[in-house]
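Have a look at the structure below, then the notes.
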2 protein chains.
Amino acid sequence: MGARAGDPSGEGTGGDAATGSTDTGHLGRRQRSRRRTLAGLKAAALEEVREVGAPALALRSVARRAGMSPAGLYRYVESRDGLLTLLIADGYDDVADHLDVALGRPAAQAADAPPTVPLIAGQDAGPATRMTAVALAYRAWAVDHPHEFGLIFGDPVPGYVAPPQGPTTTAMSRVGLALATPVIEAFEAGRLTIPPAMAATDLQAAVRPMEALAPDLPSELYLLLLTMWGRLHGQVSLEVFGHHAWLFPDGCEPLYRADVAALVTELGLAVAVDQPGR
Amino acid sequence: MGARAGDPSGEGTGGDAATGSTDTGHLGRRQRSRRRTLAGLKAAALEEVREVGAPALALRSVARRAGMSPAGLYRYVESRDGLLTLLIADGYDDVADHLDVALGRPAAQAADAPPTVPLIAGQDAGPATRMTAVALAYRAWAVDHPHEFGLIFGDPVPGYVAPPQGPTTTAMSRVGLALATPVIEAFEAGRLTIPPAMAATDLQAAVRPMEALAPDLPSELYLLLLTMWGRLHGQVSLEVFGHHAWLFPDGCEPLYRADVAALVTELGLAVAVDQPGR
DNA sequence: GAGTATGTGCGAATGGTGTTCGCGAATCAA
DNA sequence: TTGATTCGCGAACACCATTCGCACATACTC
């Protein structure tokens, strides 16, 4: 009586109580319909974000676009921020998929319109090539989806904090892991020079180990990966948010490439001609 | 007749036509009052931003805070975005002042509450110390003013583009220049190693020279400075926007320090014990 | 001084927003 | 069929940015 009938969390449907009888994966007709309209809702919201940006997203207008009443939206979404949270989670996965493609892996969820990735480096390419590929893919996604990038990496939704084990956190781990993969491979092949500053003792004490990323990773490497991500992210962030537009009217890709090249050199990944086959 | 009487741009007062007679700097009583209330308005808006963040800033509530009617606000501000633009310009200057303090320079505008800067490195300190000082000051300001950082460096106001010679652009140049100063000094002292990747020919062609920063700077150095800024900015950005909060519950300063140390080493700034006196 | 233009502030009004509530219709489990 | 649950919606509330016309105070001109 106290709570409303509808349950935005989506898992409160009676079908959930399929205790034994209809145990097959075939969820009820209602569940499927619900999932479908929710997907449509997210798609509409994503279009809206792509057009006007996250801060200007109007719940009423995504309702219009999805052919629904504004009130009806609340059967599927907790609030405006809740909808944005859903988009954020999807956005993380989208980035991760892109990076996976650049690494020559199949994307987890089939991309309906697979966009062009500047460089694809398969498993047999050298670490320098693979590192460059993911780094460029990171920037390419950001430049191609500036508003989604802003949604994910920009000013966070005021009250929002990612639940430690929630979907956004795991999806972000996917991004970090993809960026880290070439370096980890190089490390395991014994072809990586880690800056000595990463071994500072107070540093080791400050970081909370992230088991999900790679269980038994030396912490110097782990910390190096974090700084590396930040380094790449900073260039992309400054570009996408327009702080370099007046310096590079045609885009910052050359600057970014140069920085990645310097990074690859510093890490010792570019030995000789970077011959393939590990 | 077409335009309203009030002029939000602020310089339309009749006193501007002080042709000869009252040529002294004593602007009329009205001008001063106007300037004062505008400052109060900006202060109120800044408090509001600090509390609820830029995207949640409500014009009505800054009007309340400033003891004014919402409509009256429009005599001083073009629109909500216009007010945010003013805050952005001030924010840039605030960062620049902080960095100047860290470099041992006097801040341009007297800070009413001079906050603690983690490390002040005067003119006679070595480039490694000075570099570390500005870098730490950059992070310290961001961590102390997260909402203003988001306002300046986060998702930009949808339609806003910084006018090429406008106040925000010049203020941003101040920030860039402060961050660059130690490196430039090291370069002039012949103590700087520039990564060879910065000399790529297509890179040189892509960047538009920024005369304001430093007229006759070799472009490799110029580009190095840009990547350096991005590198620092990325770490700070990830931290302030909360993407590292689950990894570093007590703040990312150790990680940041390590990255700065690595950067200093790579640039060759830390020769021996970094003896002072150039 | 008076007269007049101009800046200043405000109340009211408009159209947009997020969100809640109650009700009818559709769907499901029995 | 019966009863319970979900879906979707219209109406409503409170808040928002912005505009307009009007009253007042100030400044300049004569």
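All values derive from a computational prediction rather than experimental measurement. Every chain is numbered from 1, with letters handed out A, B, ... down the list of sequences.
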Rounded to whole angstroms, how far apart are [atom1] on [X] and [atom2] on [N]?
X       : N      : atom1 : atom2 : answer
B/Asp81 : D/dT18 : CG    : P     : 7 Å
A/Leu38 : D/dG8  : CG    : P     : 11 Å
B/Met68 : D/dT18 : CE    : P     : 16 Å
B/Arg60 : C/dA13 : CZ    : C1'   : 11 Å
A/Leu59 : C/dT17 : CG    : P     : 10 Å
B/Arg36 : D/dT26 : CZ    : P     : 12 Å
B/Leu84 : D/dA17 : CG    : P     : 10 Å
A/Arg64 : D/dC9  : CZ    : P     : 14 Å

Short side-chain N/O contact from A/Tyr74 to OP1 or OP2 of C/dC21, under 4.0 Å: no
N or O in side chain of A/Arg34 less than 4.0 angstrom from D/dC7 OP1/OP2: yes
Nearest-nucleotide comparison on DNA chain D, the residue closer to the 5′ end among B/Ala71 and A/Thr37: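 Going by which nucleotide is closer to the 5' end, it is A/Thr37.
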Backbone N/O of B/Leu238 and side chain of B/His243: donor-acceptor pair under 3.5 Å: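 The answer is no, because no donor-acceptor pair under 3.5 Å joins these two groups.
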May I ask you to say what [X] touches in the nucleic acid, namely base, sugar-phosphate or nothing, with a heavy-atom cut-off under 4.0 Å?
X       : value
B/Leu73 : nothing
B/Ser79 : sugar-phosphate
A/Ala58 : sugar-phosphate
A/Arg80 : sugar-phosphate

Distance-only side-chain donor-acceptor flag, A/His233 / A/Tyr138, under 3.5 Å: yes
Side-chain donor-acceptor pair present, A/Ser61, A/Glu48, cut-off under 3.5 Å: yes
Residue pairs fulfilling salt bridge (Lys or Arg N to Asp or Glu O under 4.0 Å) with at least one residue in residues 230-246 of chain A, sequence neighbours excluded: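 For residues 230-246 of chain A, and leaving out neighbouring residues, the salt bridge (Lys or Arg N to Asp or Glu O under 4.0 Å) pairs sorted by first residue read A/Arg139-A/Glu239, A/Arg231-A/Asp259, A/Arg231-A/Glu266.
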Which nucleotide in C/dT19, C/dC10, C/dT8 has an atom nearest any side-chain atom of B/Tyr76: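 Among the listed nucleotides, the one closest to the side chain of B/Tyr76 is C/dT8.
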Polar pair under 3.5 Å, donor/acceptor by atom type, side chain B/Arg75, base C/dG9: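 Donor-acceptor pair under 3.5 Å: yes.
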Residues B/Arg65, B/Glu51: salt bridge by 4.0 Å N-O rule: yes
